[in-house]
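Ligands are counted one by one from 1 in listed order, and the atoms in each one are counted from 1 as well.
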Amino acid sequence: MEQVTPYVHTETKLRGCNPSYVVTSDGVVVIDTPQLPTRAVAMRAEAESHGPIRYLINTEHHVDHIFGNYFFKGAGAVVEHQGVYDNFMVVTPDLDPYEYAKEAIPTDDPAGAAIYPDRAEYYANPNKGTIVFSGDLTLSVGDKTFRLLHTPGHTPGQIAVHVPEERVVFTGDTVFCECQTWLMTSNVDQWIDSLDRIRALDVDYVIPGHGPVTTPRYLNTQRANLLDWKAAVAAAVAKGWSREETIERVNFADRYPVDIGQGYMMTHIQTLNAASLWDKFTGAVPPERR
Ligand SMILES: [Zn+2]
């Protein structure tokens, strides 16, 4: 894994989120888990080589951040916001997260097929949070402080994890660095407020949910990307474009690639981003919920 500071490690080159861990004087804290089974097992072993895992913190409920929890059973208490707990691997009309995780196995982790749990086995104990909070939460572990800040927008239970001693913040998907932003069911206005909250932190390193490690300056780029989506769809609605016309004509596919391993999702992302904002701005009920 990539070493960001002497105590902070992350992995930005795998399909899925950027799983990370921080070494303290009294064990290790894991932040999000790899969705690919063999990578989850390997990361657990690497983290435990530095000491026992004290906590596993999830920054959001999306499958690529939490599915790997299954392979961290017995490795420290799982800590998450109430909004993550409530949505943890819940099947919705839009997405079956268990199937979406499984879909990556043949292409991205063929060896993982042997340890991929069947559905009943998985749901019997997916290793959800046992320390569940609302608002913010601060954990002191050895010589490090973990400030879990509620930063809703991308998802309702979204948090950022600020480790002041390392001058680092883990933002989860509040930041997609140099790759496509997934709006899905996000609240973009809350998201922009949360970027402001993260900008106020005194840090050198921003570890995004996807893409390379970056600096606080990229928070401005993320805000611009969100505002560009909003402005483009607002203009489409003002011109009277239908949902279909908006999906066809409002598109930021040329701006960034999709994060590793999910290039085939480009049209899906563009469609959902445009459609979700169009639905919001027109008050329409999306077709899948009619
Ligand atoms: Zn996400």
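Between the side chain of Asp109 and the backbone N or O of Ile105, no donor-acceptor pair lies under 3.5 Å. Side chain of Glu80 to backbone of Lys128: no donor-acceptor contact under 3.5 angstrom is found.
Among the atoms of His65, no N, O or S atom is found under 2.8 Å from the Zn ion (ligand 1). His62 lies close to the Zn ion (ligand 1), since one of its N, O or S atoms is found at a distance under 2.8 Å.
Aromatic ring pairs are classed by plane angle as parallel below 30°, tilted from 30° to 60° and perpendicular above 60°; the pair Phe176 and His154 is perpendicular.
In the hydrophobic cluster analysis, where Ile, Leu, Val, Met, Phe, Trp and Tyr join through side-chain heavy atoms closer than 4.5 angstrom, Val132 is grouped apart from Tyr70.
The OE2 atom of Glu60, the Zn ion (ligand 1) and the NE2 atom of His154 define an angle of 110° (nearest 10 degrees).
Closest N/O/S atom of Asp173 to the Zn ion (ligand 1): OD2.
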